[in-house]
Q: 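First, the structure itself, so that you have it in front of you.
Index from 1, following the sequence.
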Amino acid sequence: MHIQSVGGPVLLDNTLSGETEALFVSTRLMSGYDFSLGAWRTGPLVEMDYTHYRINGFDDRESLRTAVRYEKQNLNSLEARLGWRVRGNIDLDSTFSLQPYASVSWVNELADGLNDRFTVHARDGGGARSVQVTSPDKHFGRAALGLQWVTAKHLNVYTEVGSRFAHDDGYQTQYTSDLQCMF
């Protein structure tokens, strides 16, 4: 962390070290209806997403006042979505096709697993302070635009750009590439 006043002295110049491990496990139940329009399909979509987060703690391992330590945490999230999707299929030859897709949905977060209050302890043992945080926005939109590359009968590669919108904390864009094996 480096803080310097404009044209002035360095106020803080610390480098902290630490490491953490985390595991995210998700499952999704999706249902919808497709209207066929030639090589394209479009229709409503209903989804339920569950995610379990396990964070194995984090410690800067420093004696500095700015060092941070987080205890082990387990969180669960459950979201319900209602939206619309469009999917296509473009056959390039008998073993290769492109499948573009797009979706937009409104999300209702049913459970986020986060506490709205936590305690901050001074590293020198000098005291503790309770902090109240605001409740996160539980109603927002999500949109995605992607392309699935069907390269063989049971092997697919896809790329996607997704975004959260109309959220109190602002927009959040994600980029995804993945390999999918079907059996």
Side-chain angles (χ1 to χ4, degrees), residues 20-56 58 68 70 72-118 131-183:
T20 188
E21 291 181 16
L23 172 69
F24 302 164
V25 178
S26 297
T27 186
R28 175 179 290 166
L29 179 62
M30 182 186 318
S31 182
Y33 185 82
D34 287 339
F35 300 99
S36 289
L37 303 169
W40 294 88
R41 296 179 187 178
T42 184
L45 180 66
V46 176
E47 297 177 65
M48 290 291 285
D49 287 340
Y50 168 78
T51 304
H52 173 75
Y53 304 92
R54 184 182 73 210
I55 303 169
N56 290 338
F58 176 83
V68 176
Y70 295 98
K72 180 178 177 180
Q73 300 177 38
N74 286 294
L75 307 170
N76 296 295
S77 170
L78 181 64
E79 294 179 349
R81 299 184 197 185
L82 178 61
W84 198 269
R85 70 177 171 195
V86 176
R87 298 181 298 155
N89 187 43
I90 303 165
D91 289 323
L92 301 176
D93 63 33
S94 62
T95 62
F96 186 72
S97 66
L98 298 176
Q99 297 177 347
Y101 61 92
S103 66
V104 63
S105 58
W106 189 250
V107 179
N108 183 15
E109 191 164 9
L110 303 173
D112 62 15
L114 298 173
N115 292 324
D116 61 353
R117 178 177 295 279
F118 62 94
V131 178
Q132 175 86 29
V133 295
T134 60
S135 180
D137 190 353
K138 297 188 179 288
H139 310 285
F140 52 91
R142 284 221 172 110
L145 179 64
L147 181 63
Q148 186 169 355
W149 311 65
V150 181
T151 58
K153 195 169 194 173
H154 300 287
L155 181 66
N156 300 327
V157 176
Y158 78 89
T159 56
E160 179 180 292
V161 176
S163 183
R164 174 185 74 183
F165 61 92
H167 192 281
D168 289 347
D169 292 331
Y171 296 94
Q172 184 180 52
T173 302
Q174 69 184 31
Y175 304 93
T176 306
S177 280
D178 206 350
L179 178 66
Q180 180 183 40
C181 264
M182 295 186 289
F183 50 94

Q: State whether the side chain of Ser105 and the backbone N or O of Leu82 hold a donor-acceptor pair below 3.5 Å, judged by distance alone.
A: no

Q: Should Phe24 and Tyr53 be marked as a ring-ring contact (aromatic ring centres under 6.0 Å, His included) after you check the CA-CA gap, both sets of side-chain angles, and the distance that decides it?
A: CA-CA 5 Å; Phe24 302 164; Tyr53 304 92; 4.8 Å; yes

Q: Once rounded to the nearest 0.5 Å, what's the spacing between atom OG1 of Thr42 and atom CZ of Arg85?
A: 9.0 Å

Q: Any chance CZ of Arg41 has more than 12 other-residue heavy atoms, nucleotides or ligands included, within less than 6.0 Å?
A: no

Q: If you round to the nearest 0.5 Å, how far is CG of Asp49 from CG of Leu78?
A: 8.5 Å

Q: With a cut-off of 6.0 Å (strictly less than), are more than 12 heavy atoms of other residues, nucleotides or ligands near CZ of Phe35?
A: yes

Q: Could you go through the side-chain contact (heavy atoms from CB on, under 4.5 Å) check for Arg81 and Leu45 one step at a time?
A: CA-CA 8 Å; Arg81 299 184 197 185; Leu45 180 66; over 6 Å; no

Q: Less than 3.5 Å apart, any donor N or O on the side chain of Gln99 or Tyr158 sitting next to an acceptor on the other?
A: no

Q: Give the minimum heavy-atom separation between Thr95 and Asp93, together with the two atoms involved.
A: N-OD1, 2.8 Å

Q: Quick one: pull up OG in Ser163 and CG in Leu145 and give me the separation to the nearest 0.5 Å.
A: 11.5 Å

Q: Can a donor-acceptor pair be found, under 3.5 Å and without considering hydrogens, that links the side chain of Asp137 to the backbone of His139?
A: yes

Q: Measure the CG-CG distance between Leu23 and Asn74 for me, rounded to the nearest 0.5 Å.
A: 9.5 Å

Q: How about Leu147 and Pro100: do any of their side-chain heavy atoms sit closer than 4.5 Å?
A: yes

Q: Any carboxylate oxygen within less than 4.0 angstrom of a Lys/Arg side-chain nitrogen, looking at Arg142 and Glu79?
A: yes

Q: Which atom pair, heavy atoms only, marks the closest approach of Arg164 to Gly170?
A: NH2-O, 3.2 Å

Q: If the plane angle is over 60° it's perpendicular, under 30° parallel, otherwise tilted; pick one for Trp149 and Phe96.
A: tilted

Q: Rounded to the nearest 0.5 Å, what separation is found between the NE2 atom of His167 and the CD atom of Glu109?
A: 7.0 Å

Q: Could you walk me through whether Gln180 and Asp178 pass the side-chain contact (heavy atoms from CB on, under 4.5 Å) test, one step at a time?
A: CA-CA 6 Å; Gln180 180 183 40; Asp178 206 350; over 6 Å; no

Q: Which distance, rounded to the nearest 0.5 Å, do you find between the CD of Glu160 and the OG of Ser177?
A: 10.0 Å

Q: Side chains of Asp34 and Ser36: do they bring a donor and an acceptor to under 3.5 Å?
A: no

